[in-house]
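Notes follow the structure.
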Amino acid sequence: MSAPSFKFPSYGTGCYYGNDYKVTVPVSGLGAEGGDIDVELRVTAPDRPIVDMNFDYRSVTANGTYTFTLDGSMFCHYLDKRGTYTAQAIVTVTDWATFAETKRTATKTFTVSNTRRASQIAYTGKTKSGDHSWKVTGTLTRNGVRQVGKTVKLQVKKDGVWRTVKSAKTSGQAGKRGTVAIVWNPPSSRNYRLYYAGDAYTYADASGAFWLRNR
């Protein structure tokens, strides 16, 4: 068996889903009974030994060149540490006649250098809560995808400056993913907004202003 080869899209601009990794295996020297081809794809990250791995298997009856397409959805790096990653295609061919195993490895590196992406925190409404409070709701998205577990702040405009009065995390509950609800009793009637501070991969964003009156 000659050394395998494989290819995948550039990881410089985001996360890839689908059948991205194609591993090509040239097989020669098999006996008349054929054999098995096992493919393991392994990716290591700058900050830990293994990010993820994927497998494929095929029984063949003749020598030739075989291509395996492995699902790339397991290798999503846009929230992983930036830096150099190493991908390995480890191929083992077993001859059915002799049970002899031949192993070859192909290695490639790629760099994750994603730039920040836009977020959007949208104010979706307010409802009365209890005798004096309001429940303010919003939705946080990143490139159109709802974000879970992110801190959203409720801010009031006072003396020309936006000041945080309360915060809550976006929900991961089914049907409510990416939504946030903050209950607040305003001491006076003022303009408020929802604010997301962003992170290493996402820009900050603020909703439009809305009025909360003292009840």
Side-chain angles (χ1 to χ4, degrees), residues 9-18 20 43 45-52 72-85 110-215:
S10 166
Y11 274 81
T13 57
C15 178
Y16 287 86
Y17 292 96
D20 293 336
V43 179
D47 56 341
R48 54 192 184 277
I50 296 178
V51 172
D52 224 329
S73 63
M74 298 177 68
F75 304 101
C76 180
H77 301 293
Y78 75 84
L79 290 181
D80 283 333
K81 185 176 180 179
R82 301 176 189 184
T84 300
Y85 290 69
F110 58 90
T111 301
V112 174
S113 57
N114 299 320
T115 57
R116 281 181 167 180
R117 295 191 175 188
S119 64
Q120 181 180 23
I121 177 65
Y123 164 70
T124 55
K126 63 184 179 182
T127 56
K128 293 179 179 179
S129 178
D131 293 333
H132 303 287
S133 298
W134 295 95
K135 182 169 78 170
V136 176
T137 57
T139 303
L140 178 65
T141 58
R142 178 181 184 272
N143 278 16
V145 179
R146 294 191 173 206
Q147 299 298 292
V148 172
K150 303 296 185 180
T151 299
V152 174
K153 299 176 181 180
L154 177 65
Q155 295 186 327
V156 63
K157 194 170 188 180
K158 190 174 182 180
D159 300 326
V161 178
W162 288 104
R163 306 176 189 273
T164 299
V165 295
K166 199 171 183 181
S167 63
K169 290 186 180 296
T170 54
S171 174
Q173 183 180 343
K176 295 183 177 181
R177 287 181 61 86
T179 63
V180 66
I182 301 175
V183 176
W184 177 247
N185 179 9
S188 59
S189 299
R190 292 184 181 274
N191 274 321
Y192 284 78
R193 72 176 185 179
L194 294 173
Y195 178 75
Y196 172 60
D199 55 27
Y201 303 94
T202 310
Y203 285 113
D205 190 50
S207 73
F210 52 90
W211 185 257
L212 290 183
R213 66 176 177 85
N214 175 261
R215 294 178 58 209

Shortest non-hydrogen contact from S207 to F210?
OG-CE2, 4.1 Å
Could you tell me which residues satisfy side chain to side chain donor-acceptor pair (under 3.5 Å) with S133, sequence neighbours excluded, listed by chain and number?
none
Given the rule in the side chain to side chain contact (heavy atoms under 4.5 Å, CB included) test, do V136 and Y192 qualify, once you have shown the distances and angles that lead to the verdict?
CA-CA 10 Å; V136 176; Y192 284 78; over 6 Å; no
Sequence-distant partners of S119, side chain to side chain contact (heavy atoms under 4.5 Å, CB included), two or more places apart
L140, Y196, T202, D205
Mind checking what makes ring pair (Phe, Tyr, Trp, His ring centres under 6.0 Å) contact with Y195, not counting sequence neighbours?
none
Run the side-chain donor-acceptor check on residues 173-182: report pairs under 3.5 Å with partners two or more places apart or on a different chain.
| residue | atom | partner | partner atom | Å |
| --- | --- | --- | --- | --- |
| T179 | OG1 | K176 | O | 2.5 |

For A122 and L194 the tightest heavy-atom approach is O-CD1, 4.2 Å
With sequence neighbours left out, what residues match T141 under side chain to side chain contact (heavy atoms under 4.5 Å, CB included)?
Q120, T139, R146
What residues, two or more places apart in sequence or in another chain, satisfy side chain to side chain donor-acceptor pair (under 3.5 Å) together with T124?
T137
Please identify each residue that fulfils side chain to side chain contact (heavy atoms under 4.5 Å, CB included) with R215, with sequence neighbours left out.
K128, W134, R213
Test side chain to side chain donor-acceptor pair (under 3.5 Å) on T151 and K169; report intermediate values, then the result.
CA-CA 4 Å; T151 299; K169 290 186 180 296; 3.1 Å; yes
Measure the CD-CD1 distance between Q147 and I121 for me, rounded to the nearest 0.5 Å.
10.5 Å
With sequence neighbours excluded, what pairs up with N214 under the side chain to side chain contact (heavy atoms under 4.5 Å, CB included) test?
S189
Residues 152-164 side chain polar contacts: donor-acceptor under 3.5 Å, at least two apart:
| residue | atom | partner | partner atom | Å |
| --- | --- | --- | --- | --- |
| Q155 | OE1 | R193 | NE | 2.8 |
| Q155 | OE1 | R193 | NH2 | 2.9 |
| Q155 | NE2 | T164 | OG1 | 3.1 |

If you measure from NZ on K126 to CH2 on W184, what distance do you get to the nearest 0.5 Å?
15.5 Å
Contacts of S167 meeting side chain to side chain donor-acceptor pair (under 3.5 Å) (sequence neighbours excluded), chain-then-number -> none
